[in-house]
Amino acid sequence: MLISSFGHSVDAKGRVFIPAKWRDDLGDTVIITRDMMGNADSRCLYGMPVELWNDILERFKKVAVSDVKAQNAMRRLFANACECELDKQGRILIPNSLREYAGINSDAMLVGMGSRIEIWGAEKWEEQLERMDNAGEESMADSLNYLAGLGI
């Protein structure tokens, strides 16, 4: 289960450490891609095991070529994805283009999201936390009601 959050430095080559407790769930290869939000204030990267990636791929195979919105989502997701192999020290190399997109410089925050992880630039993560905190209790109640509506 991919839960909790961990702060790690990014080395000069762009490698970030994957916590040992996550490695079994993620496997030896982690698929990294851009988030689906795209908002410059909340950009991060998604990391997932190959099995989850393959599940997503199977779902997209059912999308009609004429569905412009879905095709654009697929372009965004697949064009920016890469396979990142864990090295012997438990690190993955995140391509420079993805680090730049997410504002990941010398420090990264890895956030467990159940079946996937998010990788944030440390500063962007702090800004995101502040935005969520400033949203207030009403927003949290709205979020919980929304999730309840999804059966969660």
Side-chain angles (χ1 to χ4, degrees), residues 1-65 67 69-132 140 143-144 146-152:
M1 184 182 322
L2 302 167
I3 59 172
S4 197
S5 58
F6 301 89
H8 289 287
S9 59
V10 179
D11 71 12
K13 293 182 179 180
R15 295 176 297 197
V16 66
F17 182 77
I18 299 295
K21 65 188 312 184
W22 286 358
R23 289 185 213 147
D24 284 342
D25 290 323
L26 288 170
D28 293 332
T29 302
V30 181
I31 305 297
I32 303 291
T33 191
R34 289 182 176 190
D35 67 308
M36 293 302 290
M37 301 304 288
N39 181 327
D41 291 336
S42 59
R43 288 182 176 171
C44 68
L45 303 176
Y46 288 171
M48 65 195 78
V50 172
E51 295 79 19
L52 178 57
W53 180 255
N54 289 336
D55 289 345
I56 292 169
L57 179 60
E58 286 303 313
R59 291 180 192 168
F60 274 117
K61 284 181 180 179
K62 299 173 185 172
V63 173
V65 176
D67 186 337
K69 275 183 127 175
Q71 293 298 320
N72 284 336
M74 289 171 64
R75 285 183 192 100
R76 181 183 179 114
L77 190 67
F78 294 124
N80 295 293
C82 64
E83 294 178 316
C84 298
E85 303 287 333
L86 265 78
D87 67 13
K88 292 179 183 180
Q89 286 77 40
R91 300 171 299 188
I92 57 170
L93 174 63
I94 301 174
N96 189 49
S97 61
L98 290 176
R99 290 194 320 272
E100 285 180 6
Y101 168 82
I104 300 170
N105 299 312
S106 59
D107 294 305
M109 188 59 125
L110 287 74
V111 179
M113 297 293 290
S115 61
R116 65 177 170 83
I117 63 171
E118 292 180 347
I119 306 172
W120 292 79
E123 291 176 18
K124 293 268 187 198
W125 175 245
E126 290 301 320
E127 293 168 8
Q128 179 68 12
L129 287 176
E130 189 173 321
R131 276 191 298 280
M132 291 186 303
M140 179 56 117
S143 295
L144 291 173
Y146 176 76
L147 291 173
L150 294 176
I152 299 173

Taking it one step at a time, do Leu86 and Arg23 satisfy side-chain contact (heavy atoms from CB on, under 4.5 Å)?
CA-CA 9 Å; Leu86 265 78; Arg23 289 185 213 147; 3.5 Å; yes
Working note: Tyr101 + Asn80, criterion side-chain contact (heavy atoms from CB on, under 4.5 Å); need CA distance, chi angles, decisive distance, verdict.
CA-CA 10 Å; Tyr101 168 82; Asn80 295 293; over 6 Å; no
Which is it for Val111 and Ile117 under the side-chain contact (heavy atoms from CB on, under 4.5 Å) test, yes or no, and what are the steps along the way?
CA-CA 5 Å; Val111 179; Ile117 63 171; over 6 Å; no
Would you sort out whether Thr29 and Glu83 count as a side chain to side chain donor-acceptor pair (under 3.5 Å), showing the intermediate values?
CA-CA 6 Å; Thr29 302; Glu83 294 178 316; over 6 Å; no
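The side-chain heavy atoms of Phe17 and Phe6, taken from C-beta on, include no pair separated by under 4.5 Å. Side-chain contact check for Arg116 versus Pro49: every heavy-atom pair is 4.5 Å or farther apart. With contacts defined as side-chain heavy-atom distances shorter than 4.5 Å, the pair Leu110/Pro19 qualifies. Side-chain contact between Thr33 and Leu45: absent, with no pair of heavy atoms (C-beta onward) separated by less than 4.5 Å. Looking at Val63 and Gln71, their side chains come closer than 4.5 Å, going by heavy atoms from C-beta outward. Within the 4.5 Å cutoff, the side chain of Leu77 has heavy atoms near those of the Phe60 side chain. Residues Asn72 and Met74 are not in side-chain contact: their nearest non-hydrogen atoms beyond the backbone lie 4.5 Å or more apart. Within the 4.5 Å cutoff, no side-chain heavy atoms of Val10 are placed close to those of Ser106.
Environment of CD in Gln89: crowded, with over 12 heavy atoms of neighbouring residues, nucleotides or ligands closer than 6.0 Å.
In this structure, Arg34 contributes its side chain and Leu98 its backbone to no donor-acceptor pair below 3.5 Å. Distance alone, capped at 3.5 Å, places no donor-acceptor pair between the Glu123 side chain and the Gly103 backbone. Side chain of Asp35 to main chain of Arg43: no donor-acceptor pair is present (N/O by atom type, distance under 3.5 Å, no hydrogens or angles). For Arg99 (side chain) and Ile94 (main-chain N/O), a donor-acceptor pair under 3.5 Å exists by modelled atom type. Judged by distance alone, the side chain of Trp125 and the main-chain N or O of Cys44 form no donor-acceptor pair under 3.5 Å.
Side-chain polar atoms of Gln128 and Ser42 form no donor-acceptor pair below 3.5 angstrom. Side-chain polar atoms of Asn54 and Glu58 form no donor-acceptor pair below 3.5 angstrom.
The OG atom of Ser115 sits 12.5 Å away from atom CD1 of Ile3, with the distance rounded to the nearest 0.5 Å. Rounding to the nearest 0.5 Å places CG of Asn105 at 9.0 Å from CD of Glu100. Expressed to the nearest 0.5 Å, how far SG of Cys82 lies from CG of Leu93 amounts to 8.0 Å. Expressed to the nearest 0.5 Å, how far CE of Met48 lies from CG of Leu2 amounts to 11.0 Å.
A salt bridge links Arg91 with Asp11: the closest approach of a Lys/Arg side-chain nitrogen to an acidic carboxylate oxygen falls below 4.0 angstrom. Taking 4.0 Å as the cut-off between side-chain N and carboxylate O, Glu126 and Lys124 do not count as a salt-bridged pair.
Checked against the 6.0 Å centroid threshold, Phe78 and Trp53 count as a close aromatic pair.
Ile31 and Ala81 get closest at one heavy-atom pair: CG2-CB, 4.4 Å. Between Tyr46 and Glu118, the shortest heavy-atom contact is CE2-OE2, 3.8 Å.
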